[in-house]
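For reference, the structure is listed below as structure tokens.
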Amino acid sequence: MVGAPQGYYAASVPEGPLARQLSGDIRADICVIGAGFTGLSAALHGARAGARVVVLEAQAVGFAASGRNGGQIHPGHRKEQAYLESWLGVQHARDLWTLSEEARHLVFDLAREGCDLKRGLVIAAHDAAASRDLAEDAAHLERNYGYRELVTMDAATTRASIGTAAYPASRLDKGGGHLHPLKFARRLAEGALDAGATLYDNSRVRAIEGNVVRTDLGSVTAGHIVLATDAFSGALAPHLKPYIAHVESFIVATAPLSDSTVLPSDVAVADTRHVLDYYRKSADNRLLFAGRERYWTPPADIARLVRPRMLRVFPQLHDTPIEYAWRGTVGITRTRMPHFGRLSERVLFGHGYSGHGVALSALGGKALAEAALGKPERFDTLARVPARKFPGGQLLRKPMVTAALTWLKVVDAL
Ligand SMILES: Cc1cc2nc3c(=O)[nH]c(=O)nc-3n(C[C@H](O)[C@H](O)[C@H](O)COP(=O)(O)OP(=O)(O)OC[C@H]3O[C@@H](n4cnc5c(N)ncnc54)[C@H](O)[C@@H]3O)c2cc1C
């Protein structure tokens with residue numbers, strides 16, 4: 001149980017449908033590569049618009065980040081609006097905010113049935129400076145964007161909401177929430193199939209040659225190709241390698257809790273550390289707790305790595321067993337903003353949500369499908385965010401990202 005690739009999530013959904021591998025040469029209007037939230041949403045929206053869509057997935061629906069993540073729906077972007085305004089200009093920042101609002105409404109709409117969807121996300125300040133930053137950001141969002149979902153909470157209210165004395169303050173975002181990510185991926189896949197898309201799993205794409213996508217046993221000749229492989233984009237498109245780094249993140253699930261003091265408000269929580277803790281309760285009352293990141297070799301015993309972090313927040317769980325532990329690969333960009341663009345006129349890509357993809361990737365997929373069908377407004381807003389390469393080239397990139405992460409851990413500890 002403890003070592004299964006998607007841990008608790010795979011154990012709490014029925015078996016997936018039998019793999020249907022691509023064999024032979026076929027045609028499509030849009031060929032989507034990757035069946036995570038981005039690719040499945042591109043397929044759903046492309047098919048709903050009347051296009052012939054084929055999805056090629058190397059493993060199975062939701063196999064990678066989309067079927068293993070923390071399930072937290074974060075409104076907005078990973079970078080604060082005030083920062084985006086000073087970096088990109090007020091109008092572009094406003095357009096990005098509008099997209100992020102559409103994104104969370106889209107997820108709440110698409111996941112409203114069968115995905116264990118719940119409202120409420122708390123950002124917990126790890127120190128006094130972080131709590132001031134949260135309050136400033138809330139005031140900015142209310143004043144300039146009319147966003148009124150945020151409630152600042154002091155230490156006592158935070159404790160009553162989360163069940164821990166670990167934080168001096170926090171901020172409840174009533175516009176956020178959480179869901180079961182693998183159920184959501186399956187839901188998107190069902191929607192895409194109902195709309196007429198065709199999905200092949202166990203069909204790894206080996207090459208993109210012009211407008212032809214090749215797998216081991218077949219090919220798709222497509223009007224447009226959508227690359228939705230997130231952390232793995234560099235393997236198929238070497239040009240993208242310097243723009244996307246990956247970090248391993250680790251999650252554990254406890255046995256169902258008898259202790260009602262843990263997360264009584266049933267919200268999702270993320271703290272403000274650079275290498276953050278994030279957690280929530282499942283529909284069957286387990287604590288799903290994530291913490292620690294690594295770039296190099298994953299640990300042999302994930303539960304042992306995460307448990308001390310969990311007990312620091314919830315010492316009352318000292319005797320509660322951990323029943324599942326798993327890890328996933330997060331695609332991150334240097335700017336921490338998603339990276340969208342075109343590899344050629346017919347090949348579009350979208351990746352690098354940097355830990356913010358549960359809310360943003362369904363909208364990202366929709367924008368990719370729209371751009372393939374000649375309506376690029378949303379896509380262009382995302383693609384206009386300048387991308388920056390990670391320094392270090394092929395050989396030095398890994399050590400440099402590791403060094404940066406280690407440095408951020410030191411900053412967190414100060
Ligand atoms: C452990 C973890 C926790 C996270 N927690 C959160 C969270 O709480 N909130 C949040 O907002 N975000 C979170 N994220 C990030 C979020 O999960 C991602 O941003 C989002 O799922 C990205 O979706 P995607 O479809 O773009 O990529 P993915 O879900 O990674 O999908 C890419 C797909 O492409 C397939 N693929 C790769 N190469 C090929 C190929 N050559 N041929 C065919 N298919 C291929 C893969 O098998 C995979 O299925 C987390 C990520 C991880 C890993």
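If you're wondering where the values come from, they're calculated on a predicted model, not measured in any experiment.
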Q: Quick one: do His246 and Thr329 satisfy side chain to side chain donor-acceptor pair (under 3.5 Å)? Show the steps, please.
A: CA-CA 6 Å; His246 25 101; Thr329 309; 5.7 Å; no
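- For the pair Arg119 and Phe108, the cation-pi criterion (under 6.0 Å, within 45° of the ring axis) is fulfilled.
- Heavy-atom minimum distance, Val252 versus Ala303: CG1-CA, 3.8 Å.
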Q | side chain to side chain donor-acceptor pair (under 3.5 Å) between Tyr353 and Thr38, intermediate numbers included | A | CA-CA 10 Å; Tyr353 304 94; Thr38 305; 2.9 Å; yes
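- What you find for Gly234 and Ile244 is that their closest heavy atoms are N-CG2, 4.4 Å.
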Q.
Quick one, Tyr278 with Asn69, criterion side chain to side chain donor-acceptor pair (under 3.5 Å). Give me CA distance, side-chain angles, the key distance, then yes/no.
A. CA-CA 10 Å; Tyr278 54 101; Asn69 61 59; over 6 Å; no
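- In summary, the aromatic rings of Phe250 and Trp326 are positioned with their centroids too far apart to meet the 6.0 Å limit.
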Q) For Asp25 and Ser219, what are the C-alpha separation, side-chain angles and deciding distance, and is it a side chain to side chain donor-acceptor pair (under 3.5 Å)? A) CA-CA 5 Å; Asp25 303 317; Ser219 71; 2.7 Å; yes
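- More than 12 heavy atoms of other shown residues, nucleotides or ligands fall within 6.0 angstrom of atom CZ in Arg384.
- Between Phe349 and His339, the distance separating the two ring centers is shorter than 6.0 angstrom.
- Side chain of Ser12 to backbone of Tyr8: a donor-acceptor contact under 3.5 angstrom is found.
- For His140 and Glu85, the side-chain atoms include at least one donor-acceptor pair closer than 3.5 Å.
- Counting only N and O atoms by type, the side chains of Gln21 and Tyr200 include no donor and acceptor under 3.5 Å apart.
- Between the side chain of Ser66 and the backbone N or O of Phe37, at least one donor-acceptor pair lies under 3.5 Å.
- Looking at Arg52 and Asp29, a side-chain N of the basic residue comes within less than 4.0 Å of a carboxylate O on the acidic one, giving a salt bridge.
- Judged by the 6.0 Å and 45° rule, Arg280 forms no cation-pi pair with Phe289.
- When only modelled atom types and interatomic distance are considered, Asp173 and Tyr147 share a side-chain donor-acceptor pair under 3.5 Å.
- Salt bridge absent: Arg204 and Glu57 never bring a charged side-chain N and a carboxylate O closer than 4.0 Å.
- The aromatic ring centroids of Tyr167 and His126 lie 6.0 Å or more from each other.
- In this structure, Arg27 places its CZ atom where only 12 or fewer heavy-atom neighbours from other residues, nucleotides or ligands lie under 6.0 Å away.
- Taking CZ from Arg78 and OG1 from Thr335, the interatomic distance works out to 10.5 Å, rounded to the nearest 0.5 Å.
- Note on Arg104 versus Glu101: salt bridge recorded, some NZ/NE/NH1/NH2 to OD/OE distance being below 4.0 Å.
- We find the CZ-CZ distance between Arg388 and Arg334 to be 4.0 Å, quoted to the nearest 0.5 Å.
- The 12-atom threshold is not exceeded at CZ of Arg159, counting heavy atoms of other residues, nucleotides or ligands nearer than 6.0 Å.
- No side-chain donor from either of Ser282 and His180 sits under 3.5 Å from a side-chain acceptor of the other.
- A salt bridge links Lys183 to Asp116: one of the charged nitrogens lies within less than 4.0 Å of a carboxylate oxygen.
- Ring pair Tyr243/Phe390: centre-to-centre distance not below 6.0 Å.
- Cation-pi geometry between Arg68 and Tyr9 is not met: the NZ or CZ atom fails to fall both under 6.0 Å from the ring centre and inside 45° of the normal.
- In this structure, Tyr279 has its ring center closer than 6.0 angstrom to the ring center of Phe314.
- The backbone N or O of Gly62 lies less than 3.5 Å from a partner atom in the side chain of Gln6, making a donor-acceptor pair.
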